Amino acid sequence: MKLSDIHQLLTHMTLREKLAQLTQLTPLSFGHNRNADLTGPDAGLRIPAQDSPHIGSALNCVGADDVLFVQSQHMKNSDYAIPLLFMADIIHGCKTIFPIPLALACSFSPEDAEEAARIAAKEASVSGVHVTFSPMCDLVRDPRWGRVMESSGEDPLLNAAFAAASVRGYQGNDLSSPYSVAACVKHFAAYGAPEGGREYNNAELSQGTLEEYYLPAYHAAISAGASLVMASFNTIDREPVTASRRLLHDLLRKAWGFDGVIISDYNAVDELISHTAARNGAEAAQRSLHATVDVEMMSTHFINEGEALVNSGQLSAKDIDEAVLRVLLLKNQLGLFENPYKGADISEEKRLHRCEAHLTAARRIARSCPVLLKNENAALPFSSHEKIGLVGPFAKERRVMGSWSAGNFEGVSLYEGLCEQMNDSLIVSSAYSPLESLQNGFTDIESFNRETLAIELQDCQKVIVAVGENQDDTGEGASKSDLRLSHNQEELIHFIKSLGKTVITVIFSGRPLEITPILSDSDAVLQAWFLGSESGNALADLLLGVHSPSGKLSMSFPYSVGQIPVYYNLYSTGRPASRENPVRYSSRYLDCPNEPLFPFGFGLSYGSCIVKDLQFDTDNGLILRGEIKNTSQTPYTETLQLYLQQPFAQIARPVKKLVDFKRIPLAPEETLAFSFEISQQMLCYPLHGKQIFEEGDFICMVGTNSAQLQNLSFSLSKEQYQHLKRSSYDFEMFT
Ligand code: GLC
């Protein structure tokens, strides 16, 4: 539709019809008896029949049949032929489910994220979805928070790279394509920093921390062209983001130039009252609209209060028109005025959903996500010809999809994956009792019979113990104060070890757990996360050595929950502690190390490498060159990481920060040259909304994880800085 026609449309709409266009409800709430997952409190919302034909968008109605029905009914009743926008949570896949985002980030492969998002977009679009509430770009440092599973972890660069890649995958080159969906960046901002890791809690952080750590990923997603932004539930500096004109209008729209749709989170406009930021629905609506929230999700204060607010001068009709225009322009970009049904197609669903090509991609992508944390006594890989034990609640568990898996609950179990590649007579499976959800009152698996188990496993030297947390105890509303495995799961590991077995602990979780208590009794530990549809097959590929693990932690594993928040890019403090020489008056704990159990960027493989011959090349800019040699007979992919430290600056600088990374496939005994170009953005830090470069000394650190690094120092003047390249990662959010 031409822009002039869109503007013309506005002139015909009444104020109430415009306010209805700014409202998103489930189809049931506006008169259509069709399915929609409720992802928040069920307030039994129903709106008057006369408003129904003017509602702007539908929440979580997925499926060609449902969408075709609801849209056709809507178009029939709509006075202006304005189609509904269908928005849904397609977070890590639609019907083909990929690893949870926290696991996907361990691949350090934004290309994989882009491919997964592309496949998700195709499967979602043929099911009638126009907008996905993804990527979630909330940086996280506290695994007590259930939604760390949805994040790309603790590092701003990794988050930014995955955010931009996901937007490219979802949106493709043409939003009106039947295989593209619009991306909605969420949750702006810093929802991933709830105090105490407690869901929906206040985010207590400085402006500098917000700018340096939490904002880059949202900015990268917007720079990649994301069409929408979702405002977050939390407060920052005593202001609920949903009502923050400073964050949504001044920063997002004016400073960053975002001109797309801002949508509230589920019922978040109404929750301004609980935040004590509004006395009633009218004030909640006024504050959100003034902050330039365009769409109210799952509450109806815009419709119910908006007319009085405009008529009393508390809101300008012009602001309402601007919000409606942004929604109509989005629908136009999606091609909905020409074709309200866009990609919805029942036969295409049958052709594309979980098709072989998608499942093959899901298996390959899933293989790059598990992280090998320990591997001693030749525990892994094991041969497909040796008899092995397989015990624990996740031995045969198919509920390995992770939270936000679009209503798909089962994938390939570990047992099924192993049977695919081994004679099942070689797999002695026992002690399997499912781990039910804490939310249903279950705290542990059934206790196992020691004598029986010892007899059953007598012919197995190696035993896989598959443990973890129930997938429903991760995601939204799933904060936990205790991150240990349940008692009987820990006991199972200890008992198997007491039998003299080689213990291979495989952990299924949506967050870093506190695994210190079981580490010494495990000869190998593989962090399996929740890998989605192809979980068991991908794990079998790794456990049997068909492929080598290559994942690197996107989030630190705490030594104990008492350490949290623990992350790699910390500040040294005025009294940095020394493990070698612990003194009382230093920044440390009496009963726990400062370092995490496993640091960001850490992950073993079946191969090994050395990094050598580091040197700077200053002929063209500033390039760090070196060589990496596979010192093993095993082909594998190593992820080389480049960190940077600025030993002195006007403000405290982290002891290191990730500034680049490269996945390098290595053949047996192969030596490859590598190079990292130092860019201007790598050397800057944000201060009061500006990117600051201070001339002086810097230290480059190169290695295969954030703790074991080789250093190379250099100094740089302002003059030299000017000759460096600008970064490939767009951090120019402040200029
Ligand atoms: C939820 C989540 C948000 C999701 C929305 C719609 O409460 O916070 O991530 O997209 O509601 O389901």
Side-chain angles (χ1 to χ4, degrees), residues 370-397 400 413-435 444-469 484-509 513-528 535-536 538-546 548-549 557 597-598 604-606 634:
V371 182
L372 185 59
L373 298 173
K374 181 179 180 183
N375 189 22
E376 295 172 1
N377 308 324
L380 286 175
F382 56 75
S383 158
S384 58
H385 304 300
E386 66 181 300
K387 197 163 202 173
I388 58 155
L390 173 60
V391 302
F394 284 86
K396 296 188 172 181
E397 184 58 77
V400 290
S413 73
L414 177 53
Y415 176 72
E416 291 165 329
L418 289 171
C419 290
E420 181 79 17
Q421 303 192 42
M422 292 175 71
N423 183 318
D424 58 7
S425 65
L426 291 175
I427 303 171
V428 177
S429 169
S430 174
Y432 172 74
S433 90
L435 178 67
D444 213 339
I445 57 174
E446 292 162 17
S447 53
F448 52 92
N449 181 305
R450 291 167 181 261
E451 290 68 35
T452 309
L453 193 51
I455 293 166
E456 286 173 334
L457 296 172
Q458 61 189 348
D459 298 336
C460 308
Q461 176 48 42
K462 292 184 178 180
V463 178
I464 299 172
V465 189
V467 294
E469 62 178 343
R484 287 180 59 165
L485 293 167
S486 63
H487 173 76
N488 287 346
Q489 291 188 88
E490 289 189 351
E491 283 305 300
L492 182 58
I493 293 167
H494 297 320
F495 176 67
I496 300 291
K497 191 62 192 170
S498 72
L499 296 175
K501 305 297 183 184
T502 302
V503 177
I504 298 162
T505 300
V506 181
I507 302 171
F508 295 79
S509 68
L513 295 177
E514 182 183 332
I515 61 172
T516 309
I518 56 95
L519 191 60
S520 57
D521 278 352
S522 303
D523 296 280
V525 177
L526 184 67
Q527 172 61 28
S535 174
L539 288 171
D541 289 343
L542 299 178
L543 293 168
L544 291 165
V546 177
S548 166
F557 267 60
L597 187 65
F598 294 105
L604 302 174
S605 297
Y606 295 150
T634 306

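As the structure is a computational prediction, the values presented were derived from the model and not from experiment.
Note that the CZ atom of Arg450 and the CG atom of Leu492 stand 9.0 Å from one another [nearest 0.5 Å]. Between the CD atom in Glu416 and the CG atom in Asp424 there is a gap of 12.0 Å [rounded to 0.5 Å]. Distance CG/Leu435 to OG/Ser433: 7.5 Å, rounded to 0.5 Å. Distance check, rounded to the nearest 0.5 Å: CD of Gln458 to CG of Leu453 gives 11.0 Å. Atom OG of Ser520 sits about 6.5 Å away from atom NZ of Lys374, to the nearest 0.5 Å. Atoms CD1 and CD1, on Ile464 and Ile496 in that order, are 11.5 Å from each other to the nearest 0.5 Å.
By the 4.5 Å heavy-atom criterion applied to side chains, Leu418 and Ile388 are counted as neighbours. Counting heavy atoms from C-beta outward, Val391 and Ser429 have side chains that stay 4.5 Å or more apart. Residues Leu372 and Asn375 have side chains in contact (heavy-atom distance under 4.5 Å, counting atoms from C-beta outward). Between Phe382 and Leu543, some side-chain heavy-atom pair lies under the 4.5 Å cut-off. Residues Phe508 and Pro393 fail the side-chain proximity criterion, which asks for heavy atoms closer than 4.5 Å. Leu539 has its side chain within reach of Leu526: a pair of non-hydrogen atoms, C-beta onward, lies under 4.5 Å apart. Side-chain contact between Val506 and Val467 is absent, with no heavy-atom pair separated by less than 4.5 Å.
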Where do Ser430 and Glu456 land on the side chain to side chain donor-acceptor pair (under 3.5 Å) test, with the steps shown first?
CA-CA 8 Å; Ser430 174; Glu456 286 173 334; 2.4 Å; yes
Just do the side-chain contact (heavy atoms from CB on, under 4.5 Å) check on Val428 and Asp459 with the steps written out, would you?
CA-CA 9 Å; Val428 177; Asp459 298 336; over 6 Å; no
Apply side-chain contact (heavy atoms from CB on, under 4.5 Å) to Asn423 and Leu426, showing your working.
CA-CA 6 Å; Asn423 183 318; Leu426 291 175; 4.3 Å; yes
Side chain to side chain donor-acceptor pair (under 3.5 Å) between Ser383 and Glu386: does it pass, once the steps are laid out?
CA-CA 5 Å; Ser383 158; Glu386 66 181 300; 4.9 Å; no
side-chain contact (heavy atoms from CB on, under 4.5 Å), that's the test. Do Ile427 and Met422 meet it? Break it down for me.
CA-CA 8 Å; Ile427 303 171; Met422 292 175 71; 4.2 Å; yes
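Minimum interatomic distance between Ser535 and Val400 (heavy atoms only, all atoms of both residues): CB-CG2, 3.5 Å. The nearest pair of heavy atoms linking Gly417 to Ala540 is O-CB, 3.4 Å. Here the closest heavy-atom approach between residue Ser605 and residue Pro549 is recorded as OG-O, 2.9 Å.
A search for side-chain hydrogen bond (donor to acceptor under 3.5 Å, both in side chains) contacts involving Glu420 returns nothing, not counting sequence neighbours. For Ser509, the side-chain hydrogen bond (donor to acceptor under 3.5 Å, both in side chains) partners are Gln527, not counting sequence neighbours. In terms of the side-chain hydrogen bond (donor to acceptor under 3.5 Å, both in side chains) criterion, residue partners of Thr502 (sequence neighbours excluded) are, by chain and number, Gln461. Considering only residues two or more places apart in sequence or on other chains, Ile515 meets the side-chain contact (heavy atoms from CB on, under 4.5 Å) condition with Leu373, Ile507, Leu513, Ile518, Val525, Phe557, Leu597, Phe598. Partners of Asp523 under the salt bridge (charged side-chain N to carboxylate O under 4.0 Å, His left out) rule, at least two apart in sequence or in another chain, are Lys497. Applying the ring-ring contact (aromatic ring centres under 6.0 Å, His included) criterion to Tyr432, with sequence neighbours excluded, gives no partner residue.
Counting heavy-atom neighbours within 6.0 Å of Gln421 CD, excluding the residue itself, gives a total above 12. Around the NZ atom of Lys387, the shell of radius 6.0 Å holds no more than 12 heavy atoms that belong to other residues, nucleotides or ligands.
A distance-only check finds no donor-acceptor pair linking the side chain of Lys462 to the backbone of Ile504 [under 3.5 Å]. A donor-acceptor pair under 3.5 Å is formed between the side chain of Gln489 and the backbone N or O of Gly468. Within the 3.5 Å criterion, the main-chain N or O of Tyr606 finds a donor-acceptor partner in the side chain of Ser548. Between the side chain of Asn377 and the backbone N or O of Ala379 there is no donor-acceptor pair closer than 3.5 Å. Not one N or O on the side chain of Glu490 forms a donor-acceptor pair closer than 3.5 Å with the backbone of His487.
For the 3.5 Å distance criterion, the side chains of Asn488 and Ser486 fail to qualify, holding no donor opposite an acceptor. Using a 3.5 Å distance cut-off with no hydrogens or angles, the side chains of Asp521 and His494 do pair a donor with an acceptor.
For the side chain to side chain contact (heavy atoms under 4.5 Å, CB included) criterion with Thr505, the lone passing option out of Val463, Leu519, Ile493 is Ile493.
Ion pair Arg484/Glu469 not flagged as a salt bridge, since none of the NZ, NE, NH1 or NH2 atoms sits closer than 4.0 Å to an Asp/Glu carboxylate oxygen.
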